[in-house]
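Heads up: numbering here begins at 1 and tracks the sequence.
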Amino acid sequence: MISIDEALQTILREARPLTPERVPIEEAVGRTLAEDIIADMDLPPFDRAQMDGYAVRAEDAVPSARLRVVGEAAAGRSWPHSLGNGQAVRIMTGAPVPAGAEVVVPIEQTREVDEETIELLTALQSGSNIVPRGSETREGVRLFEAGETINANMIATLAAFGYTSVDVILRPRLTIIATGDELVPADRKPARDQIRDSNSHAIAACARIARARIERTFLVGDEMETLERRLSEESEQVEIIVLSGGVSVGRYDLTKAALRSLGAQIFFERVRLRPGKPTVFAKLNRALVFGLPGNPVSAIVTFNLFVRACARAMQRAKDPLLREERAVLAAKVRGTRGRVSLLPARLATNEDGRLIAHPLQWGGSSDFVSFARAEALIFVPEDAELEGGTCARVLLLPTALPC
Ligand SMILES: Nc1nc2c(c(=O)[nH]1)N[C@H]1C(S)=C(S)[C@@H](COP(=O)(O)OP(=O)(O)OC[C@H]3O[C@@H](n4cnc5c(N)ncnc54)[C@H](O)[C@@H]3O)O[C@H]1N2
Ligand code: MOO
């Protein structure tokens with residue numbers, strides 16, 4: 001049995017980064033940048049008014065000053081002259097500030113004396129309500145780096161600097177094979193002794209969040225020949241195969257036998273982890289193969305811990321592992337002899353702003369209904385018991401698109 005860290009190192013070693021493709025920025029959220037993004041100009045590109053009002057010289061920006069309105073500057077239409085003493089230019093938010101003006105006086109801080117004259121009501125310092133050219137970004141600055149994951153907040157920046165499409169890393173193709181004679185498709189009513197296949201759906205959802213591309217999903221009974229055929233065909237066509245079930249030591253646990261008979265290279269088949277001890281990782285032809293335990297919670301946990309890391313590393317994500325935080329435990333948790341336990345928890349902050357992990361009441365690795373509320377996994381070291389009130393490592397579970 002190997003440790004979680006050893007398992008992750010092996011996966012990251014085997015997960016070869018894929019090549020780039022160009023996509024429109026509308027489709028780029030969640031993808032990993034394959035190029036650096038460089039500002040092609042200063043931002044703002046000119047001294048920009050931040051308020052509707054009047055552009056004036058600094059020495060004129062005093063209470064009771066009466067100034068002559070000599071022109072107008074709007075967004076997209078500048079006033080092309082230089083402002084003199086005792087003059088004001090009517091200006092709109094977003095407009096270029098005319099040469100000579102050092103202050104924008106908001107309209108509320110002025111009074112119209114007549115058609116051509118305004119009076120200032122307050123004093124303002126030089127630079128007030130003006131965003132100087134280049135103060136947000138300078139031409140040539142690297143805004144984002146290759147390896148960063150694109151999020152929705154980055155799209156405006158990409159567009160503003162002319163990137164309507166970007167180079168991102170290809171999404172790995174992924175095939176799901178759920179195994180077990182007891183399984184029926186989720187849209188069917190199970191007969192006696194049968195259950196609905198929930199794992200392939202849960203795995204597909206987690207795979208989408210990890211931005212893998214689901215190519216095909218199969219439901220295969222405990223039948224060696226079919227399993228071998230599917231594995232063999234898929235291993236030529238996708239980068240990742242995820243099997244669920246059949247990795248334990250029961251008579252009908254066929255995953256490892258099938259992989260061996262096809263000549264797969266098996267890297268590990270047991271991890272010091274609960275849930276997820278019987279997780280298998282192998283390579284068959286061009287595909288990396290994960291045999292996840294059939295217990296539904298074990299399947300989700302091991303997907304997020306291992307398969308996600310593989311899919312994210314193939315997309316050259318800078319940090320392919322689950323995000324880790326530290327949280328105060330709301331209650332005592334007990335670990336497992338000889339294995340790290342990853343226990344489901346909900347998260348909340350207390351009145352001091354500290355992150356609190358509330359362990360879920362759950363019935364173990366088959367209890368996916370309780371697990372539906374999990375937001376994080378509490379990391380409990382081998383043989384450990386962690387008291388309520390102490391601080392623990394927690395791994396955040398990605399539960400929405402895309403993280
Ligand atoms: N003698 C031992 N027995 C078991 C061990 C062990 O070390 N020695 N390990 C246990 C652990 S831990 C786990 S986890 C399971 C893993 O078993 P398998 O991967 O072989 O999974 P199955 O036996 O096929 O199924 C386990 C459980 O999950 C249900 N299941 C399976 N597939 C699905 C699916 N697609 N959707 C919903 N539910 C599914 C299945 O019906 C079983 O109830 O082995 C322990 N046993
Ligand atoms: O370790 Mo198994 O994956 O708990 O139920």
Side-chain angles (χ1 to χ4, degrees), residues 8 11-12 14-35 146-152 154-155 158 165-179 185-186 197-220 227 229-245 264 279-292 299-322 397-403:
L8 283 171
I11 291 165
L12 296 181
E14 293 301 319
R16 297 277 142 74
L18 302 177
T19 51
E21 65 171 335
R22 197 134 188 106
V23 298
I25 52 174
E26 287 71 25
E27 292 164 26
V29 171
R31 305 292 298 273
T32 313
L33 269 173
E35 59 175 331
E148 285 190 64
T149 300
I150 299 171
N151 67 39
M154 294 157 77
I155 301 297
L158 293 172
S165 61
V166 280
D167 281 342
V168 296
I169 303 294
L170 277 170
R171 301 165 64 184
R173 290 165 296 185
L174 182 149
T175 285
I176 300 167
I177 307 177
T179 69
D197 159 38
S198 55
N199 282 357
S200 62
H201 297 274
I203 290 168
C206 294
R208 261 186 215 109
I209 293 173
R211 302 303 280 174
R213 239 178 52 194
I214 294 137
E215 288 291 289
R216 281 167 290 278
T217 300
F218 299 104
L219 203 53
V220 174
L227 184 58
R229 197 179 66 244
R230 291 289 183 221
L231 274 170
S232 174
E233 284 169 5
E234 292 304 310
S235 69
E236 302 285 1
Q237 296 178 54
V238 298
E239 283 78 34
I240 304 176
I241 300 174
V242 183
L243 292 143
S244 120
T279 305
V280 177
F281 178 52
K283 184 167 188 176
L284 179 62
N285 297 320
R286 55 179 291 177
L288 293 178
V289 184
F290 290 87
L292 307 185
I300 299 175
V301 167
T302 50
F303 184 97
N304 278 309
L305 201 56
F306 298 131
V307 189
R308 180 184 162 86
C310 177
R312 300 297 300 151
M314 284 179 169
Q315 291 170 81
R316 283 200 230 165
K318 254 193 201 159
D319 187 358
L321 304 184
L322 288 178
L397 283 170
T399 52
L401 266 177
C403 299

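- Residues E21 and V168 form a side-chain contact, since some pair of their non-hydrogen atoms from C-beta on lies under 4.5 Å apart.
- Distance check, rounded to the nearest 0.5 Å: CZ of R216 to CG of L174 gives 10.5 Å.
- Side-chain atoms of S232 never come within 3.5 Å of backbone atoms of R229 as a donor-acceptor pair (strictly under, hydrogens ignored).
- With sequence neighbours left out, the side chain to side chain contact (heavy atoms under 4.5 Å, CB included) criterion links A178 to L183, D197, S200, L219, S244.
- In this structure, E14 has no side-chain hydrogen bond (donor to acceptor under 3.5 Å, both in side chains) partners at least two apart in sequence or on a different chain.
- Taking the salt bridge (charged side-chain N to carboxylate O under 4.0 Å, His left out) definition, one finds that K318 meets it with E145, sequence neighbours left out.
- Among all heavy-atom pairs drawn from L321 and A309, the shortest one is CD2-CB, 3.8 Å.
- A donor-acceptor pair is defined here as one N or O able to donate and one able to accept, closer than 3.5 Å; such a pair exists between the side chain of N151 and the backbone of M154.
- Rounding to the nearest 0.5 Å gives a distance of 10.5 Å between CZ of R312 and CZ of R171.
- With respect to the salt-bridge test (charged N to carboxylate O, under 4.0 angstrom), the residues R286 and E236 do not qualify.
- In this view, T302 satisfies the side-chain hydrogen bond (donor to acceptor under 3.5 Å, both in side chains) rule with no residue, not counting sequence neighbours.
- Of the residues L292, L231, V280, the one that meets the side chain to side chain contact (heavy atoms under 4.5 Å, CB included) test with L243 is L231.
- Contact annotation: the side chain of M314 approaches that of I240 to within less than 4.5 Å [non-hydrogen atoms, C-beta and beyond].
- Annotation: side-chain hydrogen bond (donor to acceptor under 3.5 Å, both in side chains) contacts of E148 (sequence neighbours excluded): none.
- When the ring-ring contact (aromatic ring centres under 6.0 Å, His included) test is applied to F281, the partners found at least two apart in sequence or on another chain are F267, F268, F290.
- Within the 3.5 Å criterion, the main-chain N or O of A210 finds a donor-acceptor partner in the side chain of Q315.
- Counting all heavy atoms, side chain and backbone alike, A34 lies closest to I169 at CB-CD1, 3.7 Å.
- Proximity of I209 to R308: side-chain heavy atoms (C-beta onward) are separated by under 4.5 Å at one or more points.
- Residues N304 and C206 are in side-chain contact: their nearest non-hydrogen atoms beyond the backbone lie under 4.5 Å apart.
- Among all heavy-atom pairs drawn from I150 and A28, the shortest one is CB-O, 3.5 Å.
- Separating the CZ atom in F218 from the CD atom in E233 is a distance of 7.0 Å, to the nearest 0.5 Å.
- R213 contributes no side-chain N or O that, together with a main-chain N or O of P172, makes up a donor-acceptor pair within less than 3.5 Å.
- Between R211 and T32, the side chains place no donor N or O within less than 3.5 Å of an acceptor N or O (distance only, hydrogens not considered).
- The minimum heavy-atom distance linking L12 with A313 is given by the pair CD2-CB, 3.7 Å.
- Proximity of R230 to T175: side-chain heavy atoms (C-beta onward) are nowhere separated by under 4.5 Å.
- Note that OG1 of T217 is 4.0 Å distant from CD1 of I176, once rounded to the nearest 0.5 Å.
- Within the model, atoms CD of E26 and OG of S165 stand 9.5 Å from one another, a figure rounded to the nearest 0.5 Å.
- Interatomic distance, CZ of F306 versus CG of L288, reported as 14.0 Å (0.5 Å rounding).
- Remark: the backbone N or O of A287 is not paired with any side-chain donor or acceptor of N285 at under 3.5 angstrom.
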